[in-house]
Amino acid sequence: MRKISVLLFLAWVGFLFYAGIALFTSGFLLTRLELTNHSSCQEPPGPGSLPWGSRGEPGACWMASRFSRLVLVLIDALRFDFAQPQLSHVSGEPPVSLPFLGKLGFLQRILEIQPHHARLYQSKVDPPTTTMQRLKALTTGSLPTFIDAGSNFASYAIAEDNLVKQLTSTGRRVVFMGDETWNDLFPGAFSQAFFFPSFDVRDLHTVDNGILEHLYPIMDSGEWDVLITHFLGVDHCGHKHGPHHPEMAKKLSQMDQVIQGLVERLENDTLLVVTGDHGMTTSGNHGGDSELETSAALFLYSPTALFPSAPPEEPEVIPQISLVPTLALLLGLPIPFGNIGEVIAEVFSEVEDSQPHSSTLAQASALHLNAQQVSRFLHTYSAAAQDLQVKELHRLQNLFSKASADYQRLLQSPQGAEAALQTVITELQQFLRGVRAMCIESWARFSLSFLLLHLLAAGIPITTPGPFTVPWQAVSAWAFMATQTFYSTGHQPVFPAIHWHAAFVGVPEGHDFTWLSALLVGTNTFASHILFAVGCPLLLLWPFLCESQGPRKRRQPPGNEAEARVRPEEEEEPLMEMRLRDAPHHFNAALLQLGLKYLFVLGIQILACALAASILRRHLMVWKVFAPKFIFEAMGFIVSSVGLCLGIALVMRVDGAVSSWFRQLVLAQQRAGEQSSLVYTGAGSSAREAQSHLLPPCSQDLLASGTSLFYNSKS
């Protein structure tokens, strides 16, 4: 095989693996660009006057605050049907008896007794349905993915604009108690905090009891503006027992008592929000995109009337991220910069005003502020990234421009414009929902694709005839040694464990070569992969280097013993790497065979990681363990495949140089032998001519025979 053919074939096989990795990654590891821009009261989200509700009021931001305090109760994995009442028995059908139904009885009584004060929604969650990604969504209003590419890649802390940051920047006292994940996301953001470990899913009570120990004393003290609690008992019960276990009924009853205790302590300026971050499957797991996993409960309650009408028979389905802009405007805060959620319009109605026009205008004002903020975000994001659909983006911007112009025109003459305001509200809602649908299409389409191209590459035959063969055991051991070296040098397949200090080794302070820092970190992380991949072709030479020196007899085929006795000088077999010169045409094929074997072993490793991440996508630790492991294996495979091609190319280059030198050496030896033969032949002829005059004919014949024999032997 030609050298270029070997390299091209290996590159083609590597491309098949790359295509398989990219195919799987595009559906599993959801990615987007993370912006660090922040909203502020000093910068309105767009041109035009502020809503009528915030004009001239001291301390007003984009919109005048409706509440001065907030109690946010996050019940992890509170599925929507957990908040539903026990269904009544229908004649002709078997009675429905599930342990989790009807356990939030106080919540149901509030909905019935005070329909204008409370509302239950079905919160639609975007995948991935894991706690950390859901907490990001509940505070930023965006669609967090597994990889939020940004400046905080080495930390879990949220760098983009969020509700907690807006609250603290305006001087609000935020108190938290519950899941310690919040400490990773918002380090140092709380005026008081009581964190509890969340890893042990078998423990149903430690976190919840710890919260209850501090909840009511803190609430009664009044030293807070926003109180956030994150209960874990329901989620842990699901992981340990499943939703149909009697323990789930006990946990939900406990949460019902918590809600009752909070409602009894609420003041008129306080809003109560009870929500789940995600749902759970029938087995109690979450992380995927099934209906049960993406369905969570959302309950709003205010001691004063908040809703203009009674709730519908079936609770309204709203996106989970709609809570972010709603809370921001109700509390008098700017909407976080990266929010793409739509405000819950009905909470901005003027309940005490008997004129429906005022309520419609208030809803339109809130939606217009929301749309302005989303339009600003789209403009900034599309300038920094190119992953949004250009045609759809232009259509949505045109829709917003029309709705905004209609809204500004109606502000000038608001009287008698009820129908026109409803049209504006519809257009603004179409814009906001279109933006969310476009972003979901680009960022959060959760699809599992099997690595067909990967399997195709793994199935390529790699048996090549020839005298040089490296056993599978040696190739596998070589690949496993690369992995072992990765761990033994202090690396782990998780992002916080990356040796970021390597970016500054040998680099002067104040440099701005970002690419150099990235190269240093990457080289430090994947040094073992690089070294073992580049050195892999040396496995072909190792058996020759291990041979002991000394004469060895070449095996002769049967029937050639007589010929072997006649030519004994050909019985010795070449030693060590010089045996490559016996069959140089097989050497390139042997390199190809070795390269394919090494790629196959690496491919099996990454395929196993991909299958593990797919099968365990609803596992509690999928985004902390299995997905990062897949990313590191994929990057390691790419680095190893490139290093392998470079190593094979280097060995081929050296082999070509040695072969050229060997051919020159052989030619030089042949020319030297020919010259020696000519010299000896000329010398013998001169001697015979000189001695023919001195010796008799018989002596001359004897001397000629001896001279010929001597010089022939010397030759």
Side-chain angles (χ1 to χ4, degrees), residues 58-59 61 64-76 78 104 106-107 110 114 117-118 135 138-139 158 162-198 205-234 251 253-277 298-306 323-324 326-333:
C61 192
S65 62
R66 182 81 176 269
F67 298 95
S68 58
R69 287 186 171 187
L70 169 69
V71 177
L72 175 61
V73 179
L74 181 61
I75 302 177
D76 206 298
L78 183 64
L104 299 180
F106 179 79
L107 185 146
I110 287 290
Q114 297 179 299
H117 296 248
L135 293 182
L138 283 168
T139 54
I158 297 178
N162 58 81
L163 281 177
V164 175
K165 185 170 295 185
Q166 289 291 344
L167 287 167
T168 55
S169 64
T170 54
R172 308 288 181 91
R173 297 166 298 177
V174 183
V175 178
F176 175 83
M177 52 191 73
D179 187 355
E180 64 181 354
T181 304
W182 288 74
N183 190 34
D184 298 329
L185 297 177
F186 308 101
F190 305 110
S191 59
Q192 290 189 68
F194 304 91
F195 299 112
F196 301 95
S198 59
H205 307 292
T206 298
V207 176
D208 293 358
N209 292 341
I211 294 174
L212 294 177
E213 181 182 351
H214 302 282
L215 176 58
Y216 300 124
I218 291 292
M219 193 171 182
D220 294 337
S221 69
E223 298 178 355
W224 57 276
D225 296 306
V226 175
L227 181 59
I228 304 175
T229 63
H230 188 163
F231 292 91
L232 291 176
V234 173
K251 265 297 160 189
S253 298
Q254 183 186 29
M255 295 298 101
D256 190 56
Q257 296 175 4
V258 171
I259 296 173
Q260 181 176 356
L262 291 173
V263 168
E264 293 173 352
R265 289 172 170 82
L266 289 181
E267 298 180 359
N268 290 339
D269 63 342
T270 307
L271 174 67
L272 172 64
V273 178
V274 180
T275 185
D277 55 343
L298 172 61
F299 174 74
L300 303 181
Y301 175 78
S302 169
T304 59
L306 182 61
L323 184 63
V324 174
T326 303
L327 292 181
L329 295 183
L330 288 176
L331 294 173
L333 300 172

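Numbers here simply count residues along the sequence, with the first being 1.
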Rounded to the nearest 0.5 Å, how far does [atom2] of [Y] lie from [atom1] of [X]?
X: T181; Y: N183; atom1: OG1; atom2: CG; result: 9.5 Å
X: I228; Y: L167; atom1: CD1; atom2: CG; result: 7.0 Å
X: L70; Y: D269; atom1: CG; atom2: CG; result: 11.0 Å
X: T275; Y: I75; atom1: OG1; atom2: CD1; result: 9.0 Å
X: L107; Y: D256; atom1: CG; atom2: CG; result: 7.0 Å
X: L72; Y: L271; atom1: CG; atom2: CG; result: 9.5 Å

Under 4.5 Å between any side-chain heavy atoms of [X] and [Y], yes or no?
X: V273; Y: L298; value: yes
X: Q254; Y: L212; value: yes
X: D76; Y: H230; value: yes
X: D179; Y: F231; value: no
X: V258; Y: L215; value: yes
X: I259; Y: Y301; value: no
X: L306; Y: R66; value: yes
X: T270; Y: F67; value: no

Inset, instruction - Tell me, please, which residues at least two apart from D208 pass salt bridge (charged side-chain N to carboxylate O under 4.0 Å, His left out). - result: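 Result, salt bridge (charged side-chain N to carboxylate O under 4.0 Å, His left out) vs D208: K251.
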
Inset, instruction - Take M177 and I218, measure what side chain to side chain contact (heavy atoms under 4.5 Å, CB included) needs, and give me the verdict at the end. - result: CA-CA 10 Å; M177 52 191 73; I218 291 292; 4.1 Å; yes

Closest non-hydrogen atom pair between [X] and [Y], with its separation:
X: G332; Y: C61; result: O-CB, 3.3 Å
X: H214; Y: F196; result: CD2-CZ, 4.3 Å
X: L266; Y: P303; result: CB-CG, 3.9 Å
X: L74; Y: G276; result: CD1-C, 3.9 Å
X: L135; Y: T139; result: O-OG1, 2.8 Å
X: V324; Y: L138; result: CG2-O, 3.2 Å

Inset, instruction - Classify the ring geometry between F186 and F190 as parallel (under 30°), tilted (30 to 60°) or perpendicular (over 60°). - result: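 The rings of F186 and F190 stand perpendicular, inter-plane angle above 60°.
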
Inset, instruction - Check the angle between the aromatic planes of F195 and F176 and answer parallel, tilted or perpendicular using the 30° and 60° thresholds. - result: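 The rings of F195 and F176 sit tilted, inter-plane angle from 30° to 60°.
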
Legend entry - Verdict with supporting geometry, R172 and L331, side chain to side chain contact (heavy atoms under 4.5 Å, CB included): CA-CA 10 Å; R172 308 288 181 91; L331 294 173; 4.2 Å; yes

Inset, instruction - Determine, stepwise, if the pair V71 / W224 fulfils side chain to side chain contact (heavy atoms under 4.5 Å, CB included). - result: CA-CA 10 Å; V71 177; W224 57 276; 3.6 Å; yes

Inset, instruction - Could you pull out all residues at least two apart from R173 that satisfy side-chain contact (heavy atoms from CB on, under 4.5 Å)? - result: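 R173 satisfies side-chain contact (heavy atoms from CB on, under 4.5 Å) with R69, S191, E223, D225 once adjacent residues are dropped.
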
